[in-house]
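Read through the structure below, which is laid out as structure tokens, and then see the notes.
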Amino acid sequence: MRLRNSVISVSLVVIALVQALAAEAVFAVFRYRRWTLASTLLSAVAIGIVYNFYLLFFYYQAFSFFSPRGLIGTACELLSAVVFAGFGSWVLYRALAKSGVLTRFASGR
């Protein structure tokens, strides 16, 4: 049981790093100068795509991308990424910017 938990832990750290790299790649395309809802939503879509492919390749190997499970899973992953990672982080960002905590950073100006 202990070995399985450590394998799962390593897997979660790896996918978290890959998702972070996908999000940072989108922000790097904008050269970290555009702090808009659109760039945040694009970053969230990148996170959703990366995580969906991770699930299809490592957890749901019996399903193809074009199967009903693959298509529904992709739609749900993208929708939840946009809602939680996109709009959720945007709302938190705006609240922090309004409070004045981000004034020392470029995104808060």
Side-chain angles (χ1 to χ4, degrees):
M1 186 71 152
R2 186 174 187 158
L3 178 63
R4 177 146 171 78
N5 288 339
S6 64
V7 171
I8 291 172
S9 300
V10 170
S11 174
L12 288 176
V13 169
V14 169
I15 189 58
L17 289 173
V18 172
Q19 287 176 334
L21 287 174
E24 290 297 322
V26 173
F27 291 128
V29 167
F30 294 113
R31 297 184 179 193
Y32 296 98
R33 293 192 175 128
R34 290 193 63 206
W35 305 100
T36 62
L37 179 60
S39 64
T40 305
L41 292 177
L42 281 174
S43 178
V45 168
I47 291 170
I49 289 170
V50 165
Y51 189 64
N52 184 54
F53 282 117
Y54 170 76
L55 288 178
L56 285 175
F57 285 122
F58 294 106
Y59 283 100
Y60 304 122
Q61 296 167 346
F63 299 100
S64 74
F65 178 77
F66 296 106
S67 69
R69 198 284 172 219
L71 294 174
I72 292 170
T74 300
C76 290
E77 290 296 332
L78 292 178
L79 180 64
S80 65
V82 167
V83 170
F84 294 113
F87 286 114
S89 65
W90 181 257
V91 168
L92 289 174
Y93 161 71
R94 296 303 301 161
L96 286 171
K98 189 184 290 187
S99 73
V101 174
L102 300 177
T103 54
R104 295 181 358 175
F105 303 103
S107 63
R109 291 183 214 131

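Counting from 1, the numbers follow the sequence of the chain as shown.
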Could you state whether Ile15 and Phe57 fall into the same hydrophobic cluster, counting links through intermediate Ile, Leu, Val, Met, Phe, Trp or Tyr residues with side-chain heavy atoms under 4.5 angstrom apart?
yes
Group every Ile, Leu, Val, Met, Phe, Trp and Tyr by side-chain heavy-atom contacts under 4.5 Å, then state whether Leu41 and Val91 land in the same group.
no
Provide the closest heavy-atom pair for Ser99 versus Val101 in the form atom of the first, atom of the second, distance.
OG-CG2, 3.1 Å
Closest heavy-atom pair, Ala44 versus Gly86, reported as atoms and distance to 0.1 Å, is CB-N, 3.5 Å
To the nearest 0.5 Å, how far apart are CG in Leu56 and CZ in Arg69?
6.5 Å
Roughly how far, to the nearest 0.5 Å, is the OG1 atom of Thr40 from the CZ atom of Phe87?
10.0 Å
Path from Val18 to Tyr54 over hydrophobic side-chain contacts below 4.5 Å
yes
Measure the spacing between CG of Leu12 and CG of Leu17 and express it to the nearest 0.5 Å.
11.0 Å
Indicate if Val45 and Val26 have the same hydrophobic cluster label, given that clusters are the connected sets of ILVMFWY residues with side-chain heavy-atom separations under 4.5 angstrom.
no
In the structure I gave you, are the side-chain heavy atoms of Tyr93 and Leu102 within less than 4.5 Å of one another anywhere?
yes
Are Leu96 and Trp90 connected in a single hydrophobic cluster, I mean Ile/Leu/Val/Met/Phe/Trp/Tyr linked by side-chain heavy atoms less than 4.5 Å apart?
yes
How long is the span from the CG atom in Leu37 to the CZ atom in Arg94, to the nearest 0.5 Å?
10.0 Å
After noting the C-alpha distance and the side-chain angles of Leu42 and Phe30, does the key distance pass the side chain to side chain contact (heavy atoms under 4.5 Å, CB included) rule?
CA-CA 11 Å; Leu42 281 174; Phe30 294 113; 3.9 Å; yes
Give the table of side-chain donor-acceptor pairs shorter than 3.5 Å for residues 75-83, with sequence neighbours excluded, one pair per line with atom names and distance.
| from | atom 1 | to | atom 2 | distance (Å) |
| --- | --- | --- | --- | --- |
| Ser80 | OG | Cys76 | O | 3.0 |
| Ser80 | OG | Glu77 | O | 3.2 |

Checking Thr74 side chain against Gly70 main chain: does a donor-acceptor pair fall under 3.5 Å?
yes
